[in-house]
Amino acid sequence: MLITDQQLIAGIEAKNGFPLDPAQRQAIIFGAGPLLIAAGPGTGKTEVLVARCLKFMCCDSVAPGSIMLTTFTEKAAKNLQDRLSEAFLFLAGLYPQLATIDPSDLRIGTLHGLCNDILQEYRYTAYQNLRLLDEIESALLLHKDVVGNLAAQQSALFAQFNYLFGNKPKNKLSRWDWAFALQKVFNRLIEDRINLPALQQAGGAWAALLQADGIFEQVLANSHACDFSRLLRYFREFLDTGQGNLFLSGDATSVRLPLTHVFVDEYQDTNPIQESIYLRLSDAAPHNITVVGDDDQALYRFRGGTVECMVGFSPTCQARWGVTPQINYLSDNHRSDSDIVQWCNNYITPFPQMTAPNVRIPGKPLLNQMVGRTGQHPAVGLIRTNTVVNAAVDMAGLVTNLRTNGIIQDYSQCVLLLRSCKNSNRFAGPYVAALQAQNIPVYNPRSKDYLDQDEVAQCLGAFIRIIDPQLVYVGSLVAPSVQQLVRGWVAQYDALAVNQAALANYVAQSGQAIANKPTNDRITPATPTILYRILAHSPFVGYQSSPEMDLRLSKMTRLFESFCAQYGRELWTDQANAGRLPGWWYSYFFYGLCGYLAQKGLDDDEDDEVVCPAGFFPIMTVHQAKGLEFDFVFVGNLGASVSPSDSHRLEQDLRPYRQSPPAVVHAIADAQWHDEIRQHFVAYSRARYALILVATDGQLRSTGAQTAAFGSQGGAWVRQNIPRL
């Protein structure tokens, strides 16, 4: 023992400048065995996770290389890494004997990142020489090599999974409709740990699904590629091999240390294959796994996450190991005004759907109000008008008043949370317009209007003027959405070219150079080379001095690299027709890459280091805001009805074929209510000083049986009990 538990606690408290609460201390110093930390919003979950990890290293002399800590996103992993390093350095300053510890040996990251690193480190045979595809590359591969080979399976697949196609008739489906639906189903086959022989035995659509998945597996093998879901499958298989045993048990030397302690953050969003991995990692007695999260903040069913893994953690441990885990509840909220805490408690507990068995962790207490009142202002308020546009105007006016009166020093102290941040009249559009009318800069990276940005459209338009100067192939596009998008890009470039002679000359000369080439002649060593040469001209050189524009142009180069990874980097003229590119290449570019962009849309990249740039007012989805806090939180797009999603239906359809049947099962209608309630609970619990609901009179007429937005008693209760601002 280098330091005692008491010394650790004293050091953490000295660093923080305030004491830990009793529940936090108990969770930090708990000894061996499985531990579930049920941590409500604002209860110091991350602080406890970091301190408990330090307890094993600094108090119990566990080698950092024997500890794995996983979390949900790269941003969260970096935050954990930074906080752990900062806390360790502080402790090492207090207790010099800790200098012998090297915390950099600790395995910390997302599960996907750690699995990839470990498989490479141990040179797992089945994973060698595979290239890990991102979501875009995986979709392009499906579109290119799988969808066209499903003629024998399409009818059965459509009959079973028609809900994944947005109610389109089968004869109206595009290749991209099929690619996106298949991507979702194929991922769930792995994430839900589906018994594939059982699908074959079931026959019909299930056998057709297995055949389609087999086609994709062969395409991946031919491409020496792997997607993210299959990465987890490779890792789970690895753990049951000799190489995996070496990773788990070590080699009795200091080179290969055994894995003895596992920490899992955000456990409420775990899916079945992730659960299987975490349990397998912890099979060695005394099963030192610590899972942390909040079942009331589960948000990611649409990505395969299932809160049932967390709710059922205790019976799962009992069934697998014969051990009942310790459950520690963190319920002291150190974030929010007491009225906000009371609102959150009153919001989630009265719903009858949330009191049914196996919906929440048993024995979970209410949040405790530790902050008290933060002022005389209404901590929970309501902006209510007749239309969304007017509500947005009132919200923008309130934000202006907060800044003018010095209540906030920066717009980034506020946030607007919406179901979707798409810059449209239905979602973020009215709020963006109202804020901009007040000269308030807006930060909305998930607006889905990346392709509408001038620098993006102009660059793509220039590229298209080079490869198809007269828009011959553009004019032949039968997909109206793609043609409209592409023509819009070209129009933006044409308008730009009038005042950019050097760029216009390069584009014209490059197009003519292609037209002058004979058949089967190389045009450029790599397709992205054309893009890079466009970017070397004004105004794109100037655009790159703007951080936002530079990020967008950088993202575009990555899109082209993803395209080339599937369709080849070299560019040649057609083998039979001089002066033009091959017809197949045009088809892949316009229907493949441009088709993906037209149907999927793109968000801006987000800076992992910055929640929101200073001086900007952030607009976020609830998912973006998870784990964050803001002084003033506005929540809009309220009053939506509760209805089943395709994720719920897919989960239900696949459940009978799971390798390990879930211990907790809820009907679709109930599960959808649970998810809607949890999403609103996350939104409402982000606020420190004030929570403001932004709703129209029409939305507030919704009852508690129609929407989860206003609590179990509906909008009438909100109108009567929440002060109007």
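We count residues from 1, following the sequence as given.
Counting all heavy atoms, side chain and backbone alike, Pro378 lies closest to Pro723 at CB-CG, 3.7 Å. Across all non-hydrogen atoms, the minimal contact from Val474 to Phe590 is CG2-CZ, 3.7 Å. Closest heavy-atom contact between Ile534 and Phe540: O-CD1, 3.4 Å. In plain terms, the two heavy atoms of Ala462 and Val507 that are nearest each other are O-CG1, 3.9 Å. When all heavy atoms of Asp177 and Lys172 are compared, the closest pair comes out as OD2-O, 4.0 Å. Between Val307 and Arg301, the shortest heavy-atom distance links the atoms CG1-NH2, 4.5 Å.
Counting only distance, with no hydrogens or angles, the side chain of Asn333 and the backbone of Met370 share no donor-acceptor pair below 3.5 Å. Under the 3.5 Å distance criterion, the side-chain polar atoms of Arg373 are left unmatched by any main-chain donor or acceptor of Ser338. When atom types are taken as modelled, the side chain of Gln453 and the backbone of Asp449 share a donor-acceptor pair closer than 3.5 angstrom. Looking only at distances, no side-chain donor or acceptor of Ser138 sits under 3.5 Å from a matching main-chain atom of Glu135. Judged purely by atom type and a 3.5 angstrom limit, Arg384 has no side-chain atom pairing as donor or acceptor with the backbone of Ala695. Arg303 contributes no side-chain N or O that, together with a main-chain N or O of Gly305, makes up a donor-acceptor pair within less than 3.5 Å. Remark: the backbone N or O of Ile408 is not paired with any side-chain donor or acceptor of Gln413 at under 3.5 angstrom. His674 places a side-chain N or O within donor-acceptor distance of the main-chain N or O of Gln353, the cut-off being under 3.5 Å. Judged by distance alone, with hydrogens and angles left aside, the side-chain atoms of Arg678 form a donor-acceptor pair with the main-chain N or O of Asp295 at under 3.5 Å.
Between Asp604 and Lys555, the closest side-chain pair of non-hydrogen atoms is not below 4.5 Å. No side-chain heavy atom of Thr306 sits under 4.5 Å from any side-chain heavy atom of Thr270. Between Leu691 and Val635, some side-chain heavy-atom pair lies under the 4.5 Å cut-off. A heavy-atom distance below 4.5 Å is not found between the side chains of Leu638 and Leu700. In this structure, the side chains of His680 and Arg419 come closer than 4.5 Å at one or more pairs of heavy atoms. Arg335 is not listed as a side-chain neighbour of Ile340, based on a closest heavy-atom distance of 4.5 Å or more.
Residue pairs meeting the salt bridge (charged side-chain N to carboxylate O under 4.0 Å, His left out) criterion with at least one member in residues 392-413, sequence neighbours excluded, do not occur. Note on residues 610-620: no pairs pass salt bridge (charged side-chain N to carboxylate O under 4.0 Å, His left out), not counting sequence neighbours. Judged as a ring pair (Phe, Tyr, Trp, His ring centres under 6.0 Å), not a single pair has a partner in residues 416-447 (not counting sequence neighbours).
Counting heavy atoms of neighbouring residues, nucleotides and ligands inside a 6.0 Å radius, atom CG of Asp494 exceeds 12 of them. Other residues, nucleotides and ligands contribute over 12 non-hydrogen atoms within 6.0 Å of the NZ atom of Lys75. In the displayed structure, Arg426 atom CZ is contacted under 6.0 Å by at most 12 heavy atoms of other residues, nucleotides or ligands.
By the 30° and 60° cut-offs, the orientation of the rings of Phe180 relative to Trp176 is parallel. Taking the six-membered ring for Trp and thresholds of 30 and 60 degrees, His377 and Phe632 have ring planes inclined between 30 and 60 degrees apart. Using a 30° and 60° split on the angle between ring planes, Tyr300 and Phe72 fall in the tilted class, from 30° to 60°. By the 30° and 60° cut-offs, the orientation of the rings of Phe617 relative to Phe634 is tilted.
Checked against salt bridge (Lys or Arg N to Asp or Glu O under 4.0 Å), Asp296 has the following partners two or more places apart in sequence or in another chain: Arg360, Lys364. With sequence neighbours excluded, no residue forms a salt bridge (Lys or Arg N to Asp or Glu O under 4.0 Å) with Asp134. With sequence neighbours left out, Asp646 forms a salt bridge (Lys or Arg N to Asp or Glu O under 4.0 Å) with Lys184.
Considering CE of Met556 and CG of Leu551, their distance stands at 12.5 Å, rounded to 0.5 Å. The distance from atom CG of Leu402 to atom CD of Gln409, rounded to the nearest 0.5 Å, is 10.5 Å. Note that CG of Leu299 and OG1 of Thr621 are 9.0 Å apart. Values are rounded to the nearest 0.5 Å. With values rounded to the nearest 0.5 angstrom, Asn721 atom CG is found 11.0 Å from Leu382 atom CG. Annotation: the span from Glu74 atom CD to Glu606 atom CD amounts to 13.5 Å, rounded to 0.5 Å. His623 contributes atom NE2, which lies 8.0 Å from atom CG of Asp269 (distance to the nearest 0.5 angstrom).
For the ring-ring contact (aromatic ring centres under 6.0 Å, His included) test with Phe463, the passing option among Phe563, Tyr493, Phe589, Trp489 is Phe589; the others fail.
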Can Val359 and Thr355 be said to form a side-chain contact (heavy atoms from CB on, under 4.5 Å), step by step? CA-CA 7 Å; Val359 175; Thr355 60; over 6 Å; no

Chi angles and distances behind the ring-ring contact (aromatic ring centres under 6.0 Å, His included) call for Trp717, Phe710: CA-CA 8 Å; Trp717 186 91; Phe710 307 116; over 10 Å; no

side-chain contact (heavy atoms from CB on, under 4.5 Å) between Leu367 and Thr43, worked out: CA-CA 9 Å; Leu367 292 171; Thr43 59; 4.2 Å; yes

I'd like to know whether Val642 forms a side-chain contact (heavy atoms from CB on, under 4.5 Å) with Gln706, so could you lay out the CA-CA distance, the side-chain angles of the two residues, the decisive distance to 0.1 Å, and finally the verdict. CA-CA 7 Å; Val642 177; Gln706 296 170 318; over 6 Å; no

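Under 4.0 Å is where a charged nitrogen must lie from a carboxylate oxygen, and between Lys78 and Asp82 at least one such pair does. By the 4.0 Å N-to-carboxylate-O rule, Asp337 lies too far from Arg688 to be salt-bridged with it.
Looking at Asn390 and Thr385, their side chains never bring a donor and an acceptor atom within 3.5 Å of each other. Counted by atom type alone, Asp675 and Gln679 present zero donor-acceptor pairs between their side chains at under 3.5 Å. Judged purely by distance below 3.5 Å, without hydrogens or angles, the side chains of Arg649 and Ser645 never pair a donor atom with an acceptor atom. Defined by atom type and a distance below 3.5 Å, a donor-acceptor pair is present between the side-chain atoms of Thr400 and Gln438. Asn401 and Thr404 form no side-chain donor-acceptor contact under 3.5 Å, judged by distance and modelled atom types alone. Asn423 and Ser447 are not linked by any side-chain donor-acceptor pair at a separation below 3.5 angstrom, with hydrogens and angles left out of the test. If you check the side chains of Asn368 and Asp332, you find a donor sitting under 3.5 Å from an acceptor. If you check the side chains of Gln268 and Gln297, you find no donor sitting under 3.5 Å from an acceptor.
Aromatic ring centres of Phe681 and Phe351: separated by at least 6.0 Å.
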